[in-house]
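Have a look at the structure below before the remarks.
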Amino acid sequence: MPIEFKRNRVVFRDVVRVEEAEALLEVLQKKPSTKVDLATCTHLHTANLQVLMVARPRIDSWPQDPELRTWLQAVLIPTS
Amino acid sequence: MNPLLEQFLSESRELLEGIGQKLMQLEDSPNDRRVIDDLFRSVHTLKGNSGLFTFPEMTRVLHAGEDLLGKVRNGEMIFSRELADRLLDAMDFVGLLSNEIESTGCIDASRAADSARLAESLRALIAEFSVSATSGPSRSIPVITKSPVARLSELPPLSEVPEALRIEAFRRCGDGENFHWIAYQPVPECFFQGDDPFHRARQTPGLLWGRVLLSEPLPPLVELDTYRCSLKFHLLTAAFHEELVEYFRYVPDQVEIAAVDPLWLAISECEPENRVGIENDLVSGSPVSEPERSPESIEEAAALTRILTAQQQILASDDQPAWLSGRLKAVAAVLKNLANSLGNAEAEGQIEASLAEAVASASGLPLLEWLNAHQSQFTSKLVPQSAANGSRANAEEETAATATTKPAADDGIKFGRRAEDNQTGPRSLKVDQAKIDRLMNLIGELVVEKNALPYLAQRAEAQYGVRELSREIKGQYSVINRIADEMQDAIMQVRMMAVSIVFQRFPRLVRDISHKLGKEVQLVLEGEQTEADKNIIEALADPLIHIVRNSLDHGLETPEVRQANGKAETGTLTIRAAQQADRVVIEIVDDGKGIDPAVIKRKAYEKGLIDEAALERMDDRSAVNLIFAAGLSTAAVVSDLSGRGVGMDVVRTAVEKLNGTVVVESQLGNGTSIRISLPLSMAVTQVMIIESDGQLFGVPMDHVIETVRVPRHSIHRIKQSMTAVLRGRVVPLKALNDLLGIPAQHTANADDELSVLLVQAGGGVLGLLVDGFRETLGVIQKPMAGLLSNLSIWSGSALMGDGSVLMILNIREIV
């Protein structure tokens, strides 16, 4: 399971595919306070990225993959 | 396989053949405009067709070839032998792919690498051979040297790039690296196509920096559509242009790739206005080249013009339907999408404003005005390198001016060409061969059945004594006979094919082989229009290739040797076809070193093909014909071309199977001529019917020389064999009854003369004693089936008009 929904926390692992986006969106819609753990994630599908960009959940831990981390931090950290 | 694909494959084959021919034609006359145009058109058509299917491997190579030819056509490259070689290779590859598709229905995955390599090498040629280095970049042309300066109006927003990275990039530019700016805007529906734009962006080759942006304002979380992509990407990469084009090959319409001038990296901090100033100072004098228009952009321009015209018409209509506001919104949506797709973000607001105005006044005028005012702006967008922007007005005006005039001119050419394409379509029909074969069989049966009518007439008279009826049947018969004959002739015509089908592969073959062997050969083809039955023509292909190869390998000498022997450096190989009576004769003549009969005889003796006596006795003419014997090779070494000693034997077998003959004549030092004679058609065999001991037999007319009556007393017996002197020549005689084991003597006529059928057999003339001669008849010969097929004295059987079976003798075997 590349994505795991815990009580107050979503854990992304490895490659998160487009199929997960729907469920992710649903969780974040229901519980906007959900936190996101990206530590072991190596890639996430654009659809998931988009959900994260809209929902702006709190990111608990950033990906260990430095490249992905740069990409995500550029868009997911509020600039203002 | 679906019919569309089938048609594509058969068309591709035709196109490929044409392309090959034209390439070689072009090699001889590199400046022939007409040929270049034709060639370009063929490749373009083929590429377009391949795009209908998912064969990116094929399309890619063809696209590269098309670019290359486009350059040649525009006079930017000079056509050369090397170029021809590479293009021919590429076309061979495409042919290979077609064959693969035909047999397996798809292209093997391993071909992708070959395809990419081929396409790359073709593109590399473009750079290598380009006449003028000043030609501008186009989407499909790799930027290998320093990229020309793109238009100021579309300076990428490099200020987005963090300063540290930008400085690093600038430094690397100094080291000779090139950077490209990519604006990648995936289509909103891309998720449904299994696309992951983020992944694609991350994997971009040579990626230095990239970021995700919103291509449209994202809706609040509750309304978010997960499956609609609202993101776009800006990327800075150090990869080559061609690499990027290759990488984004599946989404070429979604990316814009621009070469980054090092200057921009340095000055991107400035305000746009200042930037223009600084840049002008810095690069004044450097040529701003007109970007090349790719065919796509012309097509786009045409489509765009159509859309815009349609919108204008809608807006101009002055009826006032209840749904007017809906209509206006629809038009506005179209315009907005158009503006977006062309990268004009500002237009959206303007359109909205005009729309609001239009809805308020319940009239299409405000929108129409806006459209009229901005139409040129739309068209100008299609110059690929000029994403004009309203705020940078001065740059835009210039582009708009050039762009509005250009599409019109180009459109004219384009559509003219299309129309012409349709007209030149061949007026022929493609029919499955099985259908023709069936027709052939049916007419065969009709011919046989028709022959039954005279018998019927005979019976009506003899058996029932009704002469009138008999005469009428005969009358009807002659009519049916005429029609059936014509019909047979017509069907034969359908099956007739020109030998050019076989000949057309020779220019290529000769060219390739002679290059490989380092020989200069001029190929002369004559009588290409000569026609023969399809089966004959097809069966001819392989033997001819063997012969041509042999001539090239053994016959023709290298230029040095030729010169030393006082011959022209370039050897001549002539392939000539002609129709002689009911046979087609093909000659392959070379002016090479000829065949040495002494060498052949010795070789044949060494291999045990002839005995010592034959070695002594054999004349030169027969000796050279020994090359057709199995297992004989004069070549000292086995090459990949010839020398295995099977070639000419294969030729003889193939030709004889078609009831043909092959003869070689050679003059040592002056060349060799090989002559193949084949029947025009295999379907109907003319046979002479002979009688022996009350039975009828057929003898193929090909073998019959004449029929004579010989008085019994002029037949001499020498030991067991009979001979007679006919026309001053001693002819051996054989009794057919003896040969067939019929225990009866041949009967003589009232003057005590015996009937003798002179036949050509095994290189000599022979007289066959028979009882009597009958008519000659065209019959459809059926081969013997089953166990009977082992009886080699019969070449087949045929049905006669009265329903009886006629056995046809195989003269070669019985004597």
Side-chain angles (χ1 to χ4, degrees), chain A residues 2-3 5 8 10 12-36 38 40-59 62-80, chain B residues 157 159-166 168 182 184-238 250-251 254-255:
Chain A
I3 191 165
F5 300 101
N8 202 19
V10 190
F12 285 58
R13 290 203 180 97
D14 302 331
V15 176
V16 180
R17 287 197 303 262
V18 66
E19 297 86 6
E20 322 287 350
E22 193 101 75
L24 178 67
L25 177 66
E26 212 173 297
V27 167
L28 291 174
Q29 274 171 349
K30 277 191 195 143
K31 251 198 205 171
S33 62
T34 310
K35 290 178 216 150
V36 176
L38 293 165
T40 57
C41 176
T42 51
H43 180 74
L44 70 168
H45 190 275
T46 323
N48 296 296
L49 175 63
Q50 208 166 275
V51 171
L52 293 183
M53 282 171 74
V54 178
R56 299 253 172 220
R58 220 185 103 195
I59 310 289
W62 292 97
Q64 285 156 7
D65 178 346
E67 188 228 324
L68 181 64
R69 184 191 191 118
T70 319
W71 276 99
L72 296 185
Q73 285 181 340
V75 282
L76 295 179
I77 294 180
T79 41
S80 53
Chain B
S159 49
E160 287 173 9
V161 184
E163 180 132 27
L165 263 176
R166 220 169 50 231
E168 190 201 325
I182 301 168
Y184 171 32
Q185 163 107 56
V187 289
E189 303 80 31
C190 67
F191 295 168
F192 293 105
Q193 293 154 9
D195 212 357
D196 183 357
F198 182 39
H199 185 255
R200 176 167 284 138
R202 283 185 65 189
Q203 299 299 319
T204 307
L207 187 67
L208 192 71
W209 169 91
R211 77 177 283 193
V212 187
L213 296 134
L214 294 177
S215 62
E216 56 191 8
L218 280 174
L221 191 59
V222 281
E223 290 165 28
L224 182 71
D225 178 356
T226 338
Y227 295 115
R228 183 184 163 83
C229 179
S230 315
L231 302 181
K232 63 178 179 182
F233 301 87
H234 281 172
L235 310 164
L236 183 65
T237 139
Y250 286 107
V251 289
Q254 297 166 20
V255 287

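Quick note on labels: first sequence line is chain A, next is B, and so on, each numbered from 1.
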Query raised in the report: Is there a side-chain contact between B/D196 and A/H43 (heavy atoms, below 4.5 Å)?
Result: yes

Query raised in the report: For B/R228, is it the side chain, the backbone, both or neither that has a heavy atom under 4.5 Å from a heavy atom of chain A?
Result: backbone

Query raised in the report: Quick one: are B/Y227 and A/V18 in side-chain contact, heavy atoms under 4.5 Å?
Result: yes

Query raised in the report: For the residue pair B/R202 and A/T42, what are the closest heavy atoms and their distance?
Result: NH1-O, 2.8 Å

Query raised in the report: When rounded to the nearest 0.5 angstrom, what distance separates NE2 in B/H199 from CZ in A/R17?
Result: 12.0 Å

Requested in this report: Measure A/L68 against the heavy atoms of chain B and call it side chain, backbone, both or neither at under 4.5 Å.
Outcome: both

Query raised in the report: Out of curiosity, A/L24 CG to B/T226 OG1, how far, rounded to the nearest 0.5 Å?
Result: 9.0 Å

Report summary line: When every non-hydrogen atom of A/T46 is compared with those of B/L231, the smallest separation belongs to CG2-CD1, 3.7 Å

**Report entry** Residue, of A/H45, A/Q29, A/M53, that accumulates the most heavy atom pairs under 4.5 Å with chain B
**Finding:** A/H45

